[in-house]
Amino acid sequence: MKAARFLPAALQALTMSAGTATAAGLKPTVVELFTSQSCYSCPPAEEFLTDLATEKSLVALEFHVDYWDDLVYGAAGKWKDVFSKRAYTERQSVYNRNIRGRPNVYTPQMVIDGHLEAVGSRRLQVLSRIREAEKDRRARLDVSAAVDPAAGANVRLAGPVDRKAAVWIVRYIKERRTEVRAGENKGKSLLSRNVVTEMRRVGDWKGHETSISVPDFRLADGEGCAVLVQDEALGPILGAATCTIPTS
């Protein structure tokens with residue numbers, strides 16, 4: 001409760017620093033939450049991600065892992081997370097080897113800019129990691145992405161980073177409520193934000209200004225997308241942006 005009481009002020013401070021960064025042409029920090037609908041301690045972290053998703057200085061994404069799906073919780077049984085994917089469990093495992101030096105994983109976990117981590121429900125700890133990540137804003141790529149209903153997606157990259165990296169387009173559901181009927185969260189109505197449903201590698205950053213066209217990429221109602229430029233070994237994120245949708 002103490003952390004929650006001070007959260008509004010902490011978020012206000014984060015917003016103020018983001019305003020300065022935006023004015024200077026600096027780019028957003030990426031927050032990835034690894035979670036599961038079958039995890040009793042995860043709903044508070046998902047609520048926190050909902051708060052973070054409102055911040056223009058952040059790209060906040062929710063990845064649902066699958067290692068909770070087969071766990072039986074007494075008489076409540078087990079619950080198969082409707083969003084879970086093995087690929088997201090593997091993504092989290094690599095992060096933990098890279099960041100913590102160990103393959104074991106846990107939920108809820110937030111990974112910030114691909115190289116920092118914190119317990120996802122510990123709000124002040126997460127905000128501290130975000131501020132730490134923001135220190136390297138000037139070294140990030142300038143990334144923009146737009147999705148046209150007729151022409152697909154177009155990604156533009158520029159900046160001083162000379163290391164090679166993969167360019168990913170990430171599709172997500174902006175908001176979805178799930179009524180959980182079994183498992184640790186039986187009887188709860190869980191609201192998820194920015195739930196990742198697809199990650200597609202669309203190109204590479206090779207150290208010079210680049211434009212990438214993805215003509216077959218479309219968004220359905222209620223979907224959004226982001227672009228991540230990330231070290232090949234799933235290391236630091238070098239640049240990111242939320243997709244824009246041109247208005248007619």
Side-chain angles (χ1 to χ4, degrees), residues 1-7 10-11 14 29-55 58-71 73 76 78-133 170 172-180 182-197 199 226 228 234 237:
M1 296 294 287
K2 184 177 181 180
R5 188 179 308 124
F6 289 106
L7 179 62
L11 278 175
L14 181 64
T29 297
V30 178
V31 179
E32 301 175 52
L33 170 64
F34 292 91
T35 185
S36 171
Q37 293 176 340
S38 301
C39 160
Y40 183 81
S41 59
C42 286
E46 294 186 13
E47 291 175 7
F48 183 29
L49 190 82
T50 295
D51 294 335
L52 296 177
T54 65
E55 296 299 320
L58 303 177
V59 174
L61 302 170
E62 193 169 294
F63 290 85
H64 287 237
V65 298
D66 69 348
Y67 49 84
W68 282 90
D69 290 353
D70 293 323
L71 296 178
Y73 186 65
K78 62 183 178 181
W79 176 255
K80 170 68 170 67
D81 188 324
V82 298
F83 301 120
S84 66
K85 289 187 178 182
R86 168 58 54 174
Y88 304 154
T89 295
E90 293 171 353
R91 182 176 180 85
Q92 187 189 21
S93 294
V94 175
Y95 271 146
N96 277 274
R97 286 195 295 270
N98 290 346
I99 300 171
R100 301 169 64 224
R102 59 189 72 174
N104 59 305
V105 292
Y106 69 91
T107 54
Q109 182 182 35
M110 287 189 183
V111 173
I112 295 91
D113 267 356
H115 65 96
L116 300 168
E117 68 91 26
V119 177
S121 55
R122 295 181 181 173
R123 298 187 170 209
L124 294 183
Q125 184 184 70
V126 171
L127 291 172
S128 176
R129 298 289 190 275
I130 291 172
R131 292 192 192 93
E132 184 178 347
V170 182
Y172 56 81
I173 298 171
K174 293 180 180 179
E175 182 174 296
R176 181 70 56 83
R177 184 171 293 279
T178 304
E179 306 299 328
V180 180
E184 284 196 350
N185 288 316
K186 181 179 179 179
K188 292 184 179 180
S189 179
L190 302 181
L191 181 65
S192 299
R193 287 285 299 271
N194 294 2
V195 183
V196 176
T197 58
M199 288 192 71
L228 308 182
L234 204 59
I237 291 175

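Residues R129 and A118 come closest through the heavy atom pair CG-CB, 4.0 Å. Looking at every heavy atom in both residues, T197 comes nearest to Y88 through C-OH, 3.3 Å. Closest approach of L61 and V196 over heavy atoms only: CB-CG2, 3.9 Å. Closest heavy-atom contact between D66 and S84: CA-CB, 3.8 Å.
By the side-chain contact (heavy atoms from CB on, under 4.5 Å) test, A133 is found to be paired with T29, I112, D113, L116, R140, residues two or more places apart in sequence or in another chain being considered. Qualifying ring-ring contact (aromatic ring centres under 6.0 Å, His included) partners for Y67, counting only residues two or more places apart in sequence or in other chains: none. Not counting sequence neighbours, the partners of L71 by the side-chain contact (heavy atoms from CB on, under 4.5 Å) test are W68. For R102, the side chain to side chain donor-acceptor pair (under 3.5 Å) criterion is met by no residue, not counting sequence neighbours. Not counting sequence neighbours, Y172 has no partner by the ring-ring contact (aromatic ring centres under 6.0 Å, His included) test. Taking K80 as the reference, D69 meet the salt bridge (Lys or Arg N to Asp or Glu O under 4.0 Å) condition, with sequence neighbours excluded. Listed by chain and residue number, R193 satisfy the side-chain contact (heavy atoms from CB on, under 4.5 Å) test with T50 (two or more places apart in sequence, or in another chain). Considering only residues two or more places apart in sequence or on other chains, E117 meets the side chain to side chain donor-acceptor pair (under 3.5 Å) condition with Y106, Q109. Partners of A76 under the side-chain contact (heavy atoms from CB on, under 4.5 Å) rule, at least two apart in sequence or in another chain, are Y73, K186. Residues satisfying the salt bridge (Lys or Arg N to Asp or Glu O under 4.0 Å) test with R97, not counting sequence neighbours, are none.
Judged by distance alone, the side chain of S128 and the main-chain N or O of L124 form no donor-acceptor pair under 3.5 Å.
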Derivation and outcome, side-chain contact (heavy atoms from CB on, under 4.5 Å), residues T178 and W79: CA-CA 12 Å; T178 304; W79 176 255; 4.2 Å; yes
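Contact of the V82 side chain with the R176 side chain is not registered, since no non-hydrogen atoms from C-beta on lie closer than 4.5 Å. Proximity of L33 to L52: side-chain heavy atoms (C-beta onward) are nowhere separated by under 4.5 Å. In this structure the side chain of F34 never reaches within 4.5 angstrom of the side chain of V105, judged on heavy atoms.
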Could you give the side-chain donor-acceptor pairs of residues 39-46 under 3.5 Å, partners two or more places apart or in another chain?
from: E46; atom 1: OE1; to: S192; atom 2: OG; distance (Å): 3.3
from: E46; atom 1: OE2; to: T35; atom 2: OG1; distance (Å): 2.7

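Taking CD of Q92 as the reference point, atom CG of N104 lies at 9.5 Å (rounded to 0.5 Å). Note: N185 CG to L190 CG = 5.5 Å, rounded to the nearest 0.5 Å. Atom-to-atom distance recorded for L49:CG and L58:CG is 9.5 Å, nearest 0.5 angstrom.
Ring geometry, F83 versus H64: the interplanar angle exceeds 60°, so the pair is classed perpendicular (tilted spans 30 to 60°).
Residue pairs meeting the salt bridge (Lys or Arg N to Asp or Glu O under 4.0 Å) criterion with at least one member in residues 32-41, sequence neighbours excluded, are E32-R91.
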